[in-house]
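Any value given below was found using the heavy atoms of this structure, including those in side chains, with hydrogens, waters and symmetry copies removed.
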Amino acid sequence: MTFDREDIKAWGRRFAIGIAGLVTIASIIIAVLWNDRPELTELEWQPYPQFESSADSVRATWLGVSTVLFDDGDTQVLIDGFFSRPSVADILFAAEVQSSAAEVNRILDEYRMRRLAAIIPVHSHFDHAMDIGAIANRSSASIIGSESTANIARGASVPEDQIVIAEPGSTYEFGKFSVRLIRSRHAPLGWGGSVPFAGSIEEPLVPPAAVSAWREGQSYSIVIDHPQGTTLVQGSAGFIPGSLDDVVVDVVMFSTFGLQNFGREYTEEYWLSLVTSTGATRVLPLHFEDYTRPFGTIELSPRVIDNFIDAANLLDTIRLIWDNDARLHLPEFGKQIVLYPPPAPDA
């Protein structure tokens with residue numbers, strides 16, 4: 001059988017049309033999956049209680065993902081620092097990204113971060129530590145973390161006397177706050193239970209750079225103690241069994257990203273390690289939204305990636321079995337909450 005030039009052209013056109021059709025179908029499927037997202041209105045959790053407030057009450061403000069500002073009226077401590085939000089395209093195509101000076105300035109002003117003493121990332125991935133250098137340079141706050149976190153700070157030209165390499169288990173004092181970093185694990189979100197962008201940042205990270213340059217470094221459980229109460233922040237849904245057995249807290253703030261994919265057994269062990277073992281009575285999820293959305297836009301991730309509503313319902317089921325007195329509350333972006341009730345009056 002022989003083919004002339006016109007036959008070859010015809011086959012080429014059919015092939016191109018077929019490929020175009022497949023691409024179109026794939027694009028439609030991806031778009032449908034990407035836009036299939038649960039809604040927070042599906043949850044029936046009660047708001048965080050409105051405790052009586054005074055000038056020195058410890059307040060917490062959730063600023064998306066696991067960035068949380070603690071403030072007792074005199075001193076502020078910031079867990080994580082992620083204001084400049086790379087887009088999905090930036091992440092998928094390894095575009096070089098960096099802190100947005102305008103965004104960092106705006107947010108520091110809007111949330112009155114004028115008494116910031118410390119910035120403490122839970123680990124060194126971009127969605128936790130991308131803006132820590134820019135924040136430190138504008139506030140003179142200390143940055144506490146692993147050597148990888150220190151190299152993010154050095155890449156942003158943060159003065160060395162503002163950089164503190166954490167000694168796991170050591171306590172750091174900032175005003176009335178005492179902060180302890182306890183070694184932990186990152187959630188096993190990668191293929192085969194691996195950690196995305198694992199490893200360390202071995203030299204100063206000078207942006208712009210692809211998000212993969214922000215390597216995990218060391219992950220921590222962060223215990224924030226104050227005379228009024230104690231909070232545990234777990235910014236990634238990983239844990240080391242037994243590492244918190246000697247820790248007692250009032251409030252737990254923990255990442256839920258990935259729990260729906262890890263299954264019942266993992267999620268139950270996670271709860272037992274962070275909530276049951278610490279005696280916490282108030283629990284707030286973190287890192288449950290799509291972190292590629294602009295700062296301040298709270299939209300859940302596509303179901304195909306992470307179904308927060310399913311994870312939340314599972315957590316509620318586990319709570320009822322192990323800690324019926326504990327309560328789950330959904331944080332509201334940018335809204336200050338008084339973390340602890342006032343002390344009972346003397347009898």
Exercise. Got a sec: does the CD of Glu160 have more than 12 other heavy atoms crowding it under 6.0 Å?
Worked result: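 Counting other residues, nucleotides and ligands, CD of Glu160 exceeds 12 neighbours.
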Do [X] and [Y] have side-chain heavy atoms sitting under 4.5 Å apart?
| X | Y | result |
| --- | --- | --- |
| Tyr111 | Leu78 | no |
| Val252 | Leu284 | no |
| Arg85 | Pro294 | no |
| Phe82 | Ser66 | no |

For this session: Run the salt-bridge test on Glu268 and Arg264 with the 4.0 Å N-O cut-off and return the result as yes or no.
Result: yes
Taking atom types as modelled, is there a side-chain donor on [X] or [Y] under 3.5 Å from an acceptor on the other?
| X | Y | result |
| --- | --- | --- |
| Ser124 | Glu216 | no |
| Asp90 | Ser87 | yes |
| Asp323 | Trp271 | yes |
| Arg183 | Gln218 | yes |
| Ser139 | Arg114 | no |
| Ser84 | Asp131 | yes |
| Ser221 | Gln234 | yes |

[Y] ring center within less than 6.0 Å of [X] ring center:
| X | Y | result |
| --- | --- | --- |
| Tyr270 | Phe262 | no |
| Trp62 | Phe288 | yes |
| Phe239 | Tyr266 | yes |

For this session: Please step through side chain to side chain contact (heavy atoms under 4.5 Å, CB included) for the pair Ile224 and Thr230, ending with a clear verdict.
Result: CA-CA 6 Å; Ile224 304 166; Thr230 304; over 6 Å; no
Problem set entry | Shortest non-hydrogen separation from Ala187 to Val195 and the atoms involved |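 Heavy atoms only, the tightest pair is O-CG2, 4.0 Å.
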For this session: Carefully, step by step, assess Arg180 and Glu167 under the rule salt bridge (Lys or Arg N to Asp or Glu O under 4.0 Å).
Result: CA-CA 9 Å; Arg180 183 157 48 121; Glu167 293 290 336; over 6 Å; no
For this session: Could you go through the side chain to side chain contact (heavy atoms under 4.5 Å, CB included) check for Val179 and Ile144 one step at a time?
Result: CA-CA 10 Å; Val179 182; Ile144 303 175; 6.0 Å; no
Problem set entry | Heavy-atom donor-acceptor pair, Asn105 side chain to Ala101 backbone, under 3.5 Å | yes
Problem set entry | side chain to side chain donor-acceptor pair (under 3.5 Å) partner of Asp80, the single match among His123, His128, His287, His125 |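 One option only clears the test, and that one is His128.
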For this session: Report the residue from Thr75, Asp71, Asp74, Asp72 that forms a side chain to side chain donor-acceptor pair (under 3.5 Å) with Arg115.
Result: Asp71
Exercise. Parallel under 30°, tilted from 30 to 60°, perpendicular over 60°: which one fits the rings of Phe295 and Phe333?
Worked result: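 Rings of Phe295 and Phe333: perpendicular, as their planes differ by over 60°.
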For this session: Hey, can you tell me if Phe257 and Tyr291 have their rings parallel, tilted or perpendicular (30° and 60° cut-offs)?
Result: perpendicular
Find out if a path of hydrophobic residues (ILVMFWY) with successive side-chain heavy-atom gaps under 4.5 Å connects [X] to [Y].
| X | Y | answer |
| --- | --- | --- |
| Val206 | Val104 | no |
| Ile321 | Leu328 | yes |
| Val164 | Ile222 | yes |

